[in-house]
Amino acid sequence: MSYKACLFDLDGVLVDTAIYHFKAWRMLGENFGYQLTEEQNEQLKGVSRVESLNRILAWASFSATEEQKEIWLKEKNDNYLSLISGMNPTEILPGVVDFLSQIKADGYKIGLGSASKNAEIILEKTELMPWFDLIIDGNKVSKSKPDPEVFLKGAEGLGLLPHECIVFEDAQAGVEAAKSGGMKVIGIGEASVLKEADKVISNFVGINSADLLLF
Ligand code: BG6
Ligand code: MG
């Protein structure tokens, strides 16, 4: 199969922001006396901000009004923004820039499909923005992964059919989203976790544009 575009998730695929989300949620949890564990944080990967808060409140057995939730969503994001304020290109995951430069040179379109509403800020800080032909982020979708909306909008925005796109994802919810959108998906992480992915790689080190023809 020859593809025409690569669609990338952001957090955990291009940059490792999970630690900042984790810290920001832990800071927020102090409001209701709850300490999120690292295992729980794993289950929040790829999950939207509002859905993450709902899950944390459920784990904490804490019920909050919609008004309170709005305040906490803002507070979490303020915590997160201050934690990522110093982000720079050194935080791009290994092999990413080399892979982007190869696929660009070979004429593939490059799209972002992220749940994050902070995607553009992160792409600016890490200087990854110029690589992208299209950005679909949490501000442009109404349904969160595992719904395929973010990737379907990516394909459509690039003028392509789903089967012409290949998705790179680190989260189970994202792998499910790509599969249900009819796309090939390469998992970034562990095969035991990303069971539905067509192939799993640990990172982009040593991955070449030519590998796209083999996936
Ligand atoms: C995803 C992250 O990419 O974006 C999640 O994996 C995060 O952890 C989600 O909750 C939403 O991000 P943001 O930046 O809009 O709060
Ligand atoms: Mg991710």
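First listed ligand is number 1; within each ligand, the first listed atom is number 1.
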### Task
Answer yes or no: is there an ion pair linking Lys153 with Glu149, defined by an N-O contact shorter than 4.0 Å?
yes

### Task
Taking atom types as modelled, find out whether His163 and Lys184 have a side-chain donor-acceptor pair closer than 3.5 angstrom.
no

### Query
Which one holds for His21 and ligand 1: side chain close, backbone close, both close, or neither close, with close meaning a heavy atom under 4.0 Å?
side chain

### Message
I need the nearest protein heavy-atom contact for atom 6 (O) of ligand 1: residue, atom name and distance, please.
### Response
Gly46 N, 2.8 Å

### Message
Under a 4.0 angstrom heavy-atom cut-off, which atoms of ligand 1 come close to Ser52?
### Response
10 (O)

### Query
Backbone or side chain, does any N or O of Ser116 fall under 3.5 Å from an N or O of ligand 1?
yes

### Query
Between Asn77 and ligand 1, does any nitrogen or oxygen pair lie at a separation below 3.5 Å?
no

### Message
Can you confirm if the aromatic rings of Phe204 and Phe168 lie within a centre distance of less than 6.0 Å?
### Response
yes

### Query
How many degrees, to 10°, between Asp11 O and Asp170 OD1 as seen from the Mg ion (ligand 2)?
90°

### Query
Quick check: does Asp9 get an N/O under 3.5 Å from an N/O on ligand 1?
no

### Query
At what distance, to the nearest 0.5 angstrom, does CG of Asp133 lie from CD1 of Ile110?
6.0 Å

#### Entry: Student check: side-chain heavy atoms of Asp98 and Val205 closer than 4.5 Å
no

### Query
Numbering the atoms of ligand 1 from 1, which are under 4.0 Å from a heavy atom of Lys45?
6 (O)

### Task
Take Tyr34 and Gln40 through the test side-chain hydrogen bond (donor to acceptor under 3.5 Å, both in side chains) and record every step on the way to the result.
CA-CA 12 Å; Tyr34 190 68; Gln40 287 168 329; 2.8 Å; yes

### Task
Between Val47 and ligand 1, find which residue part has any heavy-atom pair under 4.0 Å and reply side chain, backbone, both or neither.
backbone

### Query
What about Lys117: any of its N or O atoms under 3.5 Å from an N or O on ligand 1?
yes

## Note on the structure
For Met87 and Thr126, the nearest pair of non-hydrogen atoms, with its separation, is CE-CG2, 4.1 Å

### Message
Can you confirm if the aromatic rings of Phe32 and Trp72 lie within a centre distance of less than 6.0 Å?
### Response
yes

### Summary
protein heavy-atom neighbour closest to atom 16 (O) of ligand 1 works out as Arg49 NE, 2.8 Å

#### Entry: Point-to-point distance, once rounded to the nearest 0.5 Å, from CG of Asn118 to CD of Glu124
13.0 Å

### Task
Run the salt-bridge test on Lys145 and Glu169 with the 4.0 Å N-O cut-off and return the result as yes or no.
yes

### Summary
Of all protein heavy atoms, the one nearest atom 8 (O) of ligand 1 is Leu44 O, 3.5 Å

### Task
Give the numbers and elements of all ligand 1 atoms closer than 4.0 Å to a heavy atom of Asp11.
1 (C), 2 (C), 3 (O), 4 (O), 6 (O)

### Query
So is Ala171 in contact with ligand 1, going by heavy-atom distances below 4.0 Å?
no

## Note on the structure
Per residue Asp9, nearest N, O or S atom to the Mg ion (ligand 2) is named OD2

